[in-house]
Protein chains: 2
Amino acid sequence: MYTYQYPRPALTVDCVIFGLSEDSLKVLLIQRAHDPYSGYWAFPGGFVDMDETTEVAARRELAEETGIQEMFMEQLYTFSGVDRDPRERVVSVAHFALVKLSDYKVTAGSDANRAEWFAVDQVPKLAFDHDQILQVALARLKGKVRYQPIGFELLPEKFTLGQLQKMYEHILGRELDKRNFRKKILGMELLLPLTEQQKGVSHRAAKLYQFDRAKYQALEASGFMFEI
Amino acid sequence: MYTYQYPRPALTVDCVIFGLSEDSLKVLLIQRAHDPYSGYWAFPGGFVDMDETTEVAARRELAEETGIQEMFMEQLYTFSGVDRDPRERVVSVAHFALVKLSDYKVTAGSDANRAEWFAVDQVPKLAFDHDQILQVALARLKGKVRYQPIGFELLPEKFTLGQLQKMYEHILGRELDKRNFRKKILGMELLLPLTEQQKGVSHRAAKLYQFDRAKYQALEASGFMFEI
DNA sequence: CCAAAAGTGTTCTTTATACACCCATGT
DNA sequence: ACATGGGTGTATAAAGAACACTTTTGG
């Protein structure tokens, strides 16, 4: 038991994890097995321990609940509505994360802790204030993806320009012109063209590319701004 | 006394308040009267009560410590470093605020609670991790001022184009071309020209303008993007 | 031979940048 | 009369937007 002179809110983290399938942008949800909101879906999360930052806590919870590790993650926003949890005062630091969906099978999941990927436009009513958290996360992703090369975190290491373009189209919610897109992205000279080609597709095989992180970091340090 | 099954970090807010003087961008600091960091300067802040959100807490603390009310404020970032406070675990939700400096005299301040405006490039070594908080706040301000019309929050209701341009120059840290600046800002048609003119200056009096908030909100709703 | 995505340039429009002089006012 | 900032337009360069056909591959 721990005693304090003044009352303290509980401190938790929640994680909005985005992944990209062939036909849509997805988020990972966990179905709650207990009240409150038993049966509702919610973002994975949990309490912050005394010896870890919120980001460390978010990564730990994510590894525990989904097995996902080493993904791109950043702090999203801190939700502190007084009644966001009906049991007691809980302040939650939400994080948002991007993963290469190809690396993680859809967790079949134990009965007590079912995890599932949902297309972002087919997410059901969520537990607590998680609907609001999702809105904030989507807005952040849309705003950020155009000015920082974080979209690559959603794709496999080697990808085609078609996949890259589709990723932006799914996130931004509008179509892009193929020739203009290629001109722009190749003009930045941040994609390493590989000799390798796409395999097993029933149409002309596309060239594979890799994002050149080292080059980006060098350019960024000298004032270069990524932009799509 | 309040007892919990597991230990909880204390939850606080800190406020980075920016103001604009004629010759520089300033932040409001408070000199600490007690250990730890006695004598050091720090951002105003304090504990979050159980019946208020962090933003409400930040506004309350700010009113208590400085008398400033009703300013633009938004959440900045949550700092959760395990050793950021040497006494115990404290997680702080930092906010950043913009005020019309003209509305607030530099608080002379009681001895126990001296408040003072510092030019952002002349801030001394601060208490706790507040140096880091300041860096994050400055980066946010620079990033945001170009794409959202928040800079007006730093100016009086009625301002000249010269003041407006100087504000951007101070925040962005570089000079702007006068004619191009005017072309762009007037082209957005978000400034209401007043019949009134500047007074008491020893040179040609400039026309005064007002930011048209209502028009901006209408335009924003239909997809318009502010940009300097 | 058909379907499906890959790959490729040019024109036009819009936006950004660079730049210099006269004007009004107070001291 | 001079110092100070206010106010104004044009030309050039760069970036963005619109647009259609040929190629390769598997079925």
Side-chain angles (χ1 to χ4, degrees), chain A residues 20-24 145-147 155-156 158-170 172-210 219 223-228, chain B residues 20-24 102 145-147 149 155-156 158-170 172-210 219 223-228:
Chain A
L20 191 73
S21 76
E22 295 216 353
D23 51 324
S24 67
V145 80
R146 291 191 52 205
Y147 304 106
L155 295 177
K158 302 171 181 180
F159 51 83
T160 69
L161 294 182
Q163 290 176 297
L164 187 64
Q165 184 180 339
K166 265 202 160 172
M167 180 268 290
Y168 281 107
E169 289 177 339
H170 280 131
L172 299 175
R174 63 189 164 91
E175 302 208 329
L176 303 174
D177 179 273
K178 182 163 63 162
R179 280 177 290 189
N180 293 339
F181 178 79
R182 284 165 183 245
K183 206 187 311 173
K184 189 156 191 177
I185 196 89
L186 292 175
M188 286 191 267
E189 298 193 314
L190 286 170
L191 298 189
L192 286 172
L194 304 176
T195 48
E196 221 171 326
Q197 288 207 324
Q198 202 178 20
K199 272 177 201 162
V201 287
S202 71
H203 55 73
R204 178 171 173 181
K207 182 177 276 200
L208 288 168
Y209 291 85
Q210 228 179 333
L219 283 175
F224 169 83
M225 301 254 52
F226 179 89
E227 185 174 350
I228 285 294
Chain B
L20 190 74
S21 76
E22 295 215 353
D23 52 323
S24 68
S102 47
V145 80
R146 290 192 52 204
Y147 304 105
L155 295 177
K158 301 171 182 182
F159 51 83
T160 69
L161 294 181
Q163 291 176 297
L164 187 63
Q165 183 181 338
K166 264 201 161 173
M167 180 267 289
Y168 281 108
E169 289 177 339
H170 281 132
L172 299 176
R174 64 190 165 91
E175 302 207 330
L176 303 174
D177 180 272
K178 182 163 63 163
R179 279 176 291 188
N180 293 339
F181 177 79
R182 284 165 184 243
K183 206 188 310 173
K184 189 156 191 177
I185 196 89
L186 291 175
M188 286 192 268
E189 299 192 313
L190 286 170
L191 298 188
L192 286 172
L194 305 176
T195 50
E196 221 171 324
Q197 287 208 325
Q198 202 180 21
K199 273 177 201 164
V201 287
S202 71
H203 54 75
R204 179 172 171 179
K207 181 177 276 200
L208 288 168
Y209 291 85
Q210 229 179 333
L219 283 175
F224 168 83
M225 301 255 48
F226 179 89
E227 183 175 349
I228 284 296

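So that the names make sense, note that chain A is the first sequence line, chain B the second, and so on, each numbered from 1.
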Checklist entry - In this structure, are over 12 heavy atoms from other groups packed under 6.0 Å from Glu175(A) atom CD? => result no

Item to check | Integer-rounded Å distance: dG7(D) C1' and Gln198(B) CD | outcome: 13 Å

Checklist outcome for this item: Met188(B) atom CE is separated from dA16(C) atom C1', nearest whole Å, by 14 Å

Checklist entry - Which of these passes side chain to side chain donor-acceptor pair (under 3.5 Å) with Lys158(B): Gln210(B), Gln163(B), Glu196(B)? => result Glu196(B)

Item to check | Nearest-nucleotide 5' precedence on DNA chain C, Ala206(A) against Asn180(A) | outcome: Ala206(A)

Filtered N/O pairs between nucleotides 23-27 of chain D and protein, under 3.5 Å:
{"from": "dT23(D)", "atom 1": "O2", "to": "Arg204(A)", "atom 2": "NH1", "distance (Å)": "3.0"}
{"from": "dT24(D)", "atom 1": "O2", "to": "Arg204(A)", "atom 2": "N", "distance (Å)": "3.0"}

Checklist entry - Given atom CG of Leu194(B) and atom C1' of dG6(D), what is their separation to the nearest angstrom? => result 16 Å

Item to check | Euclidean distance, atom CZ of residue Phe181(B) to atom C1' of dG6(D) [Å, nearest integer] | outcome: 14 Å

Checklist entry - Quick one: Gln165(A) CD to dT8(C) C1', roughly how many Å, whole number? => result 14 Å

Checklist outcome for this item: The reported gap from CD in Gln165(B) to OG1 in Thr160(B) (rounded to nearest 0.5 angstrom) is 9.5 Å

Checklist outcome for this item: Here the distance between atom P of dA16(C) and atom CG of Leu186(B), to the nearest Å, is 15 Å

Next on the checklist: More than 12 heavy atoms of other residues, nucleotides or ligands under 6.0 Å from CD of Glu22(B): yes or no?
Outcome noted: no

Next on the checklist: Output the rounded distance in Å from CZ (Arg179(B)) to P (dA11(D)).
Outcome noted: 13 Å

Next on the checklist: Under 4.0 Å from OP1 or OP2 of dG7(C): is there any side-chain N or O of Arg182(A) that close?
Outcome noted: yes

Checklist entry - Any side-chain N or O of Lys178(A) less than 4.0 Å from the OP1 or OP2 oxygen of dG7(C)? => result no

Item to check | Lys183(A) side chain near dT8(C) phosphate (N/O to OP1/OP2, under 4.0 Å) | outcome: no

